[in-house]
Amino acid sequence: MTYPLIRRVARGVAALMLTLGVTQVSAFGPGGPGGGNTPAASDASAGEELFGRNCQQCHNSRGKGGKGPQLVKGAWGPGGANSDDYMFKIISEGRPNTQMGGFGPALKPEEIRQIIAFLREEAKRVQIADKKADAADDENWF
């Protein structure tokens, strides 16, 4: 009986942290937002269009995963292990022994940064939606 109460308290704390913007700091993972540049909303918007043209075929719409892995949860999501610099390297150089080729020759560095900004924003949206869905599921038990 105490476990559901603990879960509700933890979700409340997480919601408060989101409200205070605490996740914004950790959204870039260890290593910070590569190069010291904080992505602007316009970067994320431009990145969404670039993602649709270059990445969606393998990583599905909005990075949910398909032929390639999902890019909005886990190591790629908010607070995940991958820094922006690491993501930049993977996108520009590709991943050896996988189907992920490098986009460095096709995209400008600022375009790759825009894709990363879009993925970070989308990861935040997914995280918030997941928390709301979990909270709604918990309401069925009380």
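Only a predicted model underlies this, so the values are computations on that prediction, with no experimental measurement involved. Side chains included, hydrogens not; waters and symmetry mates left out as well; all remaining heavy atoms used.
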Between Val72 and Leu119, what is the shortest heavy-atom contact and its length?
CG1-O, 4.3 Å
Please name the pair of heavy atoms, one in Phe51 and one in Leu71, separated by the smallest distance, quoted to 0.1 Å.
CE1-CD1, 4.0 Å
Looking at Pro96 and Gly94, what are the two nearest heavy atoms and their distance?
CD-O, 4.0 Å
What's the verdict on side chain to side chain contact (heavy atoms under 4.5 Å, CB included) for Asn82 and Ile90, showing C-alpha distance, side-chain angles and the deciding distance?
CA-CA 10 Å; Asn82 296 336; Ile90 294 298; over 6 Å; no
Where Ile112 and Ser92 come nearest, the two heavy atoms and their spacing:
CD1-CB, 3.7 Å
Calculate, to the nearest 0.5 Å, the distance between atoms CD and OG belonging to Gln114 and Ser45 respectively.
9.0 Å
Which distance, rounded to the nearest 0.5 Å, do you find between the CE of Met100 and the NE2 of His59?
5.0 Å
Spatial distance of atom OG (Ser61) from atom CD (Glu48) [nearest 0.5 Å]:
10.0 Å
Counting only heavy atoms from other residues, nucleotides and ligands, does the tally under 6.0 Å from CZ of Arg125 exceed 12?
yes
Is there a side-chain contact between Glu111 and Phe103 (heavy atoms, below 4.5 Å)?
no
Rounded at 0.5 Å granularity, tell me how far NZ in Lys73 sits from CD in Gln127.
10.0 Å
May I ask you to test the Ile115-Leu107 pair for a side-chain heavy-atom distance under 4.5 Å?
yes
Please determine whether salt bridge (charged side-chain N to carboxylate O under 4.0 Å, His left out) holds for the pair Arg113 and Glu110, giving the CA-CA distance in whole Å, both sets of side-chain angles, and the decisive distance to 0.1 Å.
CA-CA 5 Å; Arg113 294 279 179 209; Glu110 60 268 15; over 6 Å; no
Would you compute the distance between atom CZ of Arg95 and atom CG of Asn97 and round it to the nearest 0.5 angstrom?
10.0 Å
Can you confirm whether Asp84 sits close enough to Arg120 that some side-chain heavy atom of one is under 4.5 Å from a side-chain heavy atom of the other?
yes
Using modelled atom types and a 3.5 Å cut-off, is there a donor and acceptor pairing between side-chain atoms of Gln57 and backbone atoms of Arg53?
yes
Measuring only between side-chain heavy atoms, which start at C-beta, is Leu50 closer than 4.5 Å to Phe118?
no
